[in-house]
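Proteins get letters first, then strands, A, B, ... in listed order; numbering begins at 1 in each.
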Number of protein chains: 2
Amino acid sequence: MTDAPAGTPAPPPPSPWERERPARARVAPARAPLSRERVVEAAFTVLDRQGLDGLSMRQVAAELGVTVSALYAHVSSKDDLLELMYTRLFDGFTMPEPDPERWREQVRAYARSGRQRLLSHRDMARISMAHVPFTAELLPHVEALLAVFRTAGLPDHIAAEAGDLISTYIDGFVLEEGMWRDRAGRHGGDGSSLARPDWREMAEEMQNYFASLPAEDFPHLRALAGLMVSDSSDQRFDIGLEIILRGLASYLPDPAACSSPDA
Amino acid sequence: MTDAPAGTPAPPPPSPWERERPARARVAPARAPLSRERVVEAAFTVLDRQGLDGLSMRQVAAELGVTVSALYAHVSSKDDLLELMYTRLFDGFTMPEPDPERWREQVRAYARSGRQRLLSHRDMARISMAHVPFTAELLPHVEALLAVFRTAGLPDHIAAEAGDLISTYIDGFVLEEGMWRDRAGRHGGDGSSLARPDWREMAEEMQNYFASLPAEDFPHLRALAGLMVSDSSDQRFDIGLEIILRGLASYLPDPAACSSPDA
DNA sequence: ATATCTTAATGAACGCCGTTCTCCAGGTGA
DNA sequence: TCACCTGGAGAACGGCGTTCATTAAGATAT
């Protein structure tokens with residue numbers, strides 16, 4: 001991970017009498033050209049280790065074995081860095097040629113892969129939620145998604161909203177996933193435990209809590225608690241996605257598409 | 001002592017996964033100028049004036065003419081304060097008795113009033129997005145929404161997702177609204193100008209930008225740019241909402257409900 | 001009336017944060 | 001050789017959330 005001073009144990013602090021000789025000469029050989037890419041990369045490392053709230057310019061600099069001011073030569077601000085990270089999300093993201101016959105599958109694939117990308121880095125949904133994909137680099141992706149909707153035959157005012165709708169759904173779903181995960185993580189362990197927090201125990205506790213609610217006041221919550229807890233996130237994601245897809249399909253001339261399971 | 005806002009139904013005991021709020025914050029008996037309520041109120045004042053990024057404990061204290069540390073007698077942390085503000089969103093929020101015949105109108109009304117509440121304070125959607133309504137005080141509201149879906153006849157696994165889906169939609173839509181508003185505000189004025197930023201000019205500029213895109217690369221974006229910009233936010237909100245409602249309706253036994261306009 | 005207890009509020013402090021500024025070592029080209 | 005450039009260091013500024021010892025002021029008990 002920390003490949004800057006590879007393997008070398010932490011050097012002792014320089015004694016005051018040798019302050020004439022700055023330790024910098026030893027530490028900084030010409031072998032480390034800093035770059036925007038390296039900064040972004042280090043930012044992802046810090047993000048995954050400490051979460052968005054622990055992602056500071058100082059931590060990124062430390063990850064690179066560099067002072068914080070050095071970062072500002074390659075990144076104009078922290079917001080700029082976050083935007084670079086957001087843009088990085090879409091790298092290699094390609095949409096197939098729009099096929100009116102398979103638009104549902106195409107949108108499903110887009111949404112699922114979008115969710116996977118958000119899940120690939122901690123707190124990534126929070127970063128994504130704070131940005132709008134209408135930058136120059138990201139417009140082609142928006143275009144590709146709109147192409148699928150319009151080619152499928154959706155009316156323009158529906159297609160215009162559909163992109164926002166499913167993007168919001170993806171971000172919002174993963175955001176919520178992350179909040180539950182964090183809560184479960186804080187709940188049982190000291191944080192330094194194994195990667196997977198006691199998710200199972202958490203689910204059980206939720207089940208118990210819902211079951212403990214007064215039956216006359218919360219009949220529906222009690223009835224659905226099992227589904228909300230026990231279903232896998234992937235299942236729940238697909239269900240919500242399917243609701244949206246059916247809603248979109250209802251605007252197509254072909255009425256049969258409306259309620260076909262199609263999954 | 002715990003003078004919860006009157007009228008709300010008795011909240012269930014606190015769930016195990018919500019952050020424990022140490023009861024350290026006690027209500028002063030008689031002659032206390034400062035109170036939890038006043039702190040939250042001042043926080044809203046600061047929020048509306050300076051936005052979420054400018055909402056600091058120090059600013060809230062200054063608003064009250066008090067030192068920062070005084071706040072911590074009534075609020076256990078900034079997160080606690082934000083959660084109180086989030087909960088405040090739902091004050092007086094009531095759902096009518098579920099009517100299977102009118103479930104669409106009921107959900108529409110819920111969503112629209114939810115959006116209005118989010119719009120009533122600057123950056124409120126950002127706060128809402130960061131919270132889950134599964135605290136003791138808020139569970140009744142979740143129950144009421146689920147009741148509408150279940151009473152309407154939706155299958156359980158659909159109803160269980162539907163609540164999350166429309167809540168996420170509301171939050172996400174208003175969040176995006178706010179981001180555009182902020183962008184427009186930063187764009188034209190020095191910030192000290194009139195309340196309404198040059199929204200019109202911004203829309204025009206976006207129109208021009210989209211129109212300037214190469215036609216062969218962005219045909220769909222160019223075709224839909226007018227709709228995305230010129231339509232009022234209220235219209236766009238209703239369109240997305242309708243997509244979701246239709247998707248939900250497709251799971252009802254009655255197939256006629258699927259594509260009925262119903263608006 | 002005096003001493004004690006309680007409690008709201010203070011003010012200083014700690015350790016972070018993003019950002020900016022000055023300065024210097026080392027390499028480059030003339 | 002010397003001036004120039006550049007990438008990074010280091011210190012500093014103001015602001016942040018939070019904690020803690022202390023004070024002032026009322027209430028209570030003696």
Whole-Å gap separating [atom2] ([N]) and [atom1] ([X]):
| X | N | atom1 | atom2 | answer |
| --- | --- | --- | --- | --- |
| B:Lys78 | C:dC16 | NZ | P | 18 Å |
| A:Asp80 | C:dG18 | CG | P | 14 Å |
| B:Leu34 | C:dT7 | CG | P | 16 Å |
| B:Met57 | C:dG15 | CE | C1' | 17 Å |
| B:Leu81 | D:dC16 | CG | P | 14 Å |
| B:Glu83 | D:dG17 | CD | C1' | 17 Å |
| A:Tyr72 | D:dG10 | OH | P | 18 Å |
| A:Gln50 | C:dC17 | CD | P | 9 Å |

No-H, no-angle donor-acceptor pair, A:Arg58 side chain to C:dG18 base, under 3.5 Å
yes
DNA chain D nearest-nucleotide lookup for A:Val68 and A:Ala73: closer to the 5′ end is A:Ala73
Closest approach to the side chain of [X], judged atom by atom: which nucleotide of [options] is it?
| X | options | answer |
| --- | --- | --- |
| B:His74 | C:dA9, D:dT18, C:dG18 | C:dA9 |
| B:Gln59 | D:dT18, C:dT20, D:dC16 | D:dC16 |
| B:Ser69 | D:dG8, D:dT18, D:dT19 | D:dT19 |
| A:Thr67 | C:dC17, D:dG8, D:dG17 | D:dG8 |
| B:Ala70 | D:dT18, C:dT10, C:dT19 | C:dT10 |
| A:Val66 | C:dT10, D:dA9, D:dC16 | D:dA9 |

With under 30° as parallel and over 60° as perpendicular, where do the rings of B:Phe237 and B:Phe173 fit, or are they tilted in between?
perpendicular
Pairs counted only when both distances fall under 3.5 Å, Watson-Crick or G-U: show me the 5' to 3' dot-bracket for DNA chain D, [ ] for pseudoknotted crossings and | for other-strand partners.
||||||||||||||||||||||||||||||
In plain terms, say whether A:Arg88 and A:Glu37 are close enough for a salt bridge, that is, a side-chain N and a carboxylate O under 4.0 Å apart.
yes
Rounded to the nearest 0.5 Å, what separates atom CG in B:Asp123 from atom CE in B:Met129?
13.5 Å
Spacing of A:Thr87 atom OG1 and A:Glu137 atom CD [to the nearest 0.5 Å]:
5.0 Å
pair A:Leu175-A:Arg126: side-chain heavy atoms closer than 4.5 Å
yes
Report the residues that fulfil side chain to side chain contact (heavy atoms under 4.5 Å, CB included) with B:Met95, sequence neighbours left out, ordered by chain and then residue number.
B:Tyr110, B:Ala144, B:Leu145, B:Val148
Applying the side-chain contact (heavy atoms from CB on, under 4.5 Å) criterion to A:His121, which one of A:Leu52, A:Leu89, A:Ile127, A:Asp48 satisfies it?
A:Asp48
